[in-house]
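Report on the structure given below.
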Amino acid sequence: MRVLVIEDEHRIANTIKEGLEQERYVVDVAYDGEEGYDLAATEEYDAIVLDLMLPKKVGIDVCKDLRKDGIHTPILILTAKSMTKDKIIGLDSGADDYLTKPFSFSELVARLRALSRRPNKTVNETLKVDDLTLDPRMCRVERGGQEIELTNKEYSLLEYLMRNPVTVLSKDQIINNIWNYDADILPNTVEVYVKILRSKIDKPFPKKDPLINTVRGFGYKIG
Ligand code: CA
């Protein structure tokens with residue numbers, strides 16, 4: 001396991017590093033949000049421990065930007081804020097779990113282990129929902145063995161849905177995960193892309209159950 005710790009308080013960062021190294025983790029430390037983002041974007045980690053209040057780039061932005069750039073490394077947020085609102089913002093920004101300071105070291109290790117067991121840990125693993133497969137290494141999508149051609153954006157949307165199977169994803173979540181800040185998003189942009197995706201994933205297979213489902217008033221889910 002290779003872990004990146006992004007934490008500006010040297011004492012906490014070093015305590016976590018030393019503790020994790022005793023658990024046979026390989027640990028890198030970044031002391032501000034920019035350095036943390038750069039490392040997370042260029043190196044391969046099994047998990048990231050991310051403080052929220054950071055100089056240069058706050059934790060929420062580090063998290064959001066990593067997800068927007070297609071980096072799916074599991075992120076555990078460390079937050080001194082115990083307010084539910086902040087936890088929800090953290091999870092909505094793409095984090096996988098959170099821990100409120102002060103925390104016990106054994107709990108941190110347990111949470112990291114749980115994160116690393118998640119199926120989406122390996123970004124290169126082939127994703128599968130029924131007979132639909134997506135191979136991230138080849139960027140290849142097939143249903144029932146038949147290749148399906150997708151544009152970049154359609155592919156990103158499908159990958160996002162498939163990395164969160166049976167989860168209802170809101171339009172906001174979809175926009176936050178697959179479009180950039182400066183993208184031109186019209187109110188019905190997500191609907192348009194979902195419609196295109198259906199025409200390629202579900203329509204050609206009328207005898208099979210549709211995979212892309214609308215949950216009225218909430219969003220979309222796959223499977
Ligand atoms: Ca801090």
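Just follow the structure's listing: the first ligand is 1, and inside any ligand the first atom is 1.
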Problem - Heteroatoms of the protein, restricted to N/O/S, which lie under 3.0 Å from the Ca ion (ligand 1) - result: D8 OD1, D51 OD2, M53 O

Handout entry: Residues D28 and Y45: side-chain donor-acceptor under 3.5 angstrom
Key = yes

Exercise for the section: May I ask you to say whether D130 pairs ionically with K208, meaning some side-chain N is under 4.0 Å from a carboxylate O? Expected result: no

Handout entry: Exercise: do T214 and R198 side chains pair donor with acceptor under 3.5 Å
Key = yes

Practice task
Decide whether S156 and E159 meet the rule of one side-chain donor and one side-chain acceptor closer than 3.5 Å.
Solution key: no

Exercise for the section: Taking the side chain as every heavy atom from C-beta outward, state whether L158 and L127 have any atom pair closer than 4.5 Å. Expected result: no

Problem - Check: D96 side chain, I75 main-chain N or O, donor-acceptor pair, under 3.5 Å - result: yes

